[in-house]
> 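Got a structure for you, written out below as C-alpha cells; questions coming shortly.
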Amino acid sequence: MTDVNDASEFGSAHRVVVKVGSSSLTTPAGAIDPERIEPLVEAISAARQAGREVVLVSSGAVAAGISPLGLKTAPRDLATRQAAASVGQGLLVAHYTRGFAEHGWQVGQVLLTVDDVTRQGLYRNAYRTMAKLLEFGVIPIVNENDTVATHKVRFGDNDRLAALVAHLVHADALILLSDVDAVYTDHPARPGARRIDAVNGPDDLAGVDITRTGSKVGTGGMVTKIEAAGIATSAGIPCLLTSAENAHAALRGADVGTRFAPTGKRRPTRLLWLEHASYTAGQLHLDAGAARAVVQRNASLLPVGITAVEGDFTAGEPLNLVDPDGVVVARGLAGYDAADLRRMRGKDSAGLLADLGEELQGVAVHRDVLVVLRPSRRTPISSR
C-alpha cells in the first residue's frame, strides 16, 4: 500500500487499526451514547465478516465515568480523571461486548502503558497478546491504562497511541475516526474550504490551518491527528483521517476523508515513540564532537561529550540531546539519573574510573535507545 490516491486500498488492507475519539461516542452532555457506538460496531463487524482483522483503539473511558460519579463536566485534575477512567473503562467495554456479541464477535480488553511499547520485553509480550487475540478471531479493544498513567509517563493522546499500536501489531493501515470528516484547506465552515484528498508529505499541508481543537470530552484535535498520521506514515503505514459517520465507507475503501501516504520504513517501536515522545524529562547538551558522533555515526553518547545536564530525571526517562547551536538533534533514554550524569559529564573513561569508580563506567545514552531526529523535527530549544 503506497498509493494513497487510490482510496480502495483502505478497503482491502487485511489488518487494520481503527481509532475512535470520545466525541464520536458521547452525547452532547458527555455521557456514552449506545446509539453512536452501534454504527461503529456494525462497520467493524462487516470488515470482520469479510475476513479482515481489526484492532479498535477506543477513547471514552473517562467520558463513560462522568455520569456514574456525578460529575457535570470532564475532570481536569489527574486523580479525578483516573477515578473516572477506572469506573468508565468497564462500562465502555461492556457496551462493546454487547454490541459485537449481537454480530457474533468476541472482544478482548487491552490496556497499555508507555512501557508496553517501549521496553523490549514488555513490547514482545504486548505483541504476542494482540497476535493471539487476532488468531482466536477476537477484536482487541485498546486504550491507554488511564488509571495508572501520569501526566509525564503517558502516550499523550489516543491518536498517538493508535499510531504506535498500528506499528506494534504490524497493521496494513490506520484509520482515525473523529467528529471531523477530513482535513480541509480552510476551516470547513468557511466558504471555499476544500477537502484535501491525499497527503504525500508535509509540504502538502503547508499553509493549512490545523489548529481546530477537540471536543470538551476529548483530549485531542486536528493537530494530534496530523501528528499521529505522521507517526504511522513515518513507519510505513498508510493512514486515513475521517469522521466516525464514515466508518462503513472508510473500511469499504470509499473515497472519503484525507489519506496520508507512507513516508518511511518500519523500525523498532521504542525509537518511533522516542522521536514523537509527548514529553522529555531533561536535556543533555553536547560538545561538537559528541554531536557529530551521535548524528553522523549513530554512536552512543559518552559522558565525556556532555557539557551540561538539565532537569531532574531518573535512568530510563527520555531526554533531548542538544548540539552546541542549541538545536535538539536526537532523543534517547537516560542511562543514569541526572545527579549521576552531572558527576560524570566531561570525564573520559580514565577520569570516570579514577574519580567515580567502576559503578559509573557506562554510556550516558546507549545507541540502541537513541534516535537521531530527522531535520524536519529538529527544534531550537529556545522555541520549545
Side-chain angles (χ1 to χ4, degrees), residues 10 16-49 54-69 71-75 81 84-85 87-111 139-144 146 157-159 161-162 165 174-183 188-189 212-222 224-225 228 240-252 254 256-258:
F10 286 90
V16 184
V17 171
V18 175
K19 183 267 177 180
V20 63
S22 297
S23 61
S24 301
L25 302 174
T26 56
T27 66
I32 290 295
D33 184 354
E35 292 186 1
R36 303 193 75 182
I37 292 178
E38 184 178 351
L40 175 66
V41 168
E42 291 177 351
I44 293 174
S45 296
R48 287 292 295 119
Q49 190 65 39
V54 181
V55 176
L56 176 60
V57 177
S58 178
S59 300
V62 174
I66 291 175
S67 179
L69 292 180
L71 303 173
K72 294 182 179 180
T73 59
R81 285 186 62 84
V87 172
Q89 186 63 44
L91 298 173
L92 179 64
V93 172
H95 281 296
Y96 282 126
T97 300
R98 287 193 297 270
F100 280 109
E102 292 178 0
H103 295 273
W105 304 107
Q106 289 186 322
V107 303
Q109 178 178 254
V110 181
L111 298 178
I139 299 171
I141 309 294
V142 182
N143 199 354
E144 181 163 16
D146 287 317
D157 54 75
N158 272 3
D159 296 311
L161 170 62
V165 167
L174 169 65
I175 298 177
L176 300 175
L177 302 176
S178 69
D179 55 355
V180 181
D181 68 341
V183 181
R212 182 174 177 181
T213 58
S215 73
K216 65 180 180 180
V217 295
T219 58
M222 185 58 73
T224 69
K225 290 163 182 56
L240 172 66
L241 191 163
T242 191
S243 64
E245 287 79 4
N246 285 334
H248 265 294
L251 284 165
R252 289 199 310 267
V256 295
T258 299

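The figures that follow rest on heavy atoms only: side chains count, while hydrogens, waters and symmetry mates do not. For reference, positions follow the sequence shown, starting with 1.
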> Give a yes or no answer on whether the side chain of T242 reaches the backbone of D181 with a donor-acceptor pair at less than 3.5 Å.
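Checking the backbone N and O of D181 against the side chain of T242, a donor-acceptor pair under 3.5 Å is found.
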> A side-chain contact here means heavy atoms from C-beta on lying under 4.5 Å apart; do S58 and N143 qualify?
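Not in contact.
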> Suppose we screen for side-chain hydrogen bond (donor to acceptor under 3.5 Å, both in side chains). Which residues come up paired with S24, at least two apart in sequence or across chains?
none
> In Å and rounded to the nearest 0.5 Å, what is the CG to CE distance from D159 to M222?
10.0 Å
> Report the residues that fulfil side-chain contact (heavy atoms from CB on, under 4.5 Å) with V93, sequence neighbours left out, ordered by chain and then residue number.
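Scan of V93 (side-chain contact (heavy atoms from CB on, under 4.5 Å), adjacent residues dropped) gives Q89, T97, Q109.
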> How many angstroms lie between CG in L25 and CG in D33, if you round to the nearest 0.5 Å?
9.0 Å
> Roughly how far apart are L40 CG and H248 NE2, rounded to 0.5 Å?
9.0 Å
> In this structure, which one of L174, L240, L251, L176 forms a side-chain contact (heavy atoms from CB on, under 4.5 Å) with V18?
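So the option named by the test is L251.
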> Could you measure the distance from the CG atom of L241 to the CG atom of L177? Nearest 0.5 Å is fine.
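Atom-to-atom, L241:CG and L177:CG are 8.5 Å apart.
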> Applying side chain to side chain donor-acceptor pair (under 3.5 Å) as the test, list every pair that has at least one member in residues 37-48; sequence neighbours left out.
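Residue pairs with at least one partner in residues 37-48: there are none.
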> So how far is it from H95 NE2 to I141 CD1, rounded to the nearest 0.5 Å?
13.0 Å
> Looking only at heavy atoms, what is the nearest atom pair of S178 and K225, with distance?
CB-CE, 3.2 Å
> Which value, rounded to the nearest 0.5 Å, describes the distance between I44 atom CD1 and I139 atom CD1?
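The CD1 atom of I44 sits 6.5 Å away from the CD1 atom of I139.
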> Donor-acceptor check, side chain of R36 to backbone of S23, threshold 3.5 angstrom: yes or no?
yes
> How far apart are the closest heavy atoms of A249 and V256, and which atoms are they?
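Nearest pair, atom of A249 first, then V256: CB-CG1, 4.0 Å.
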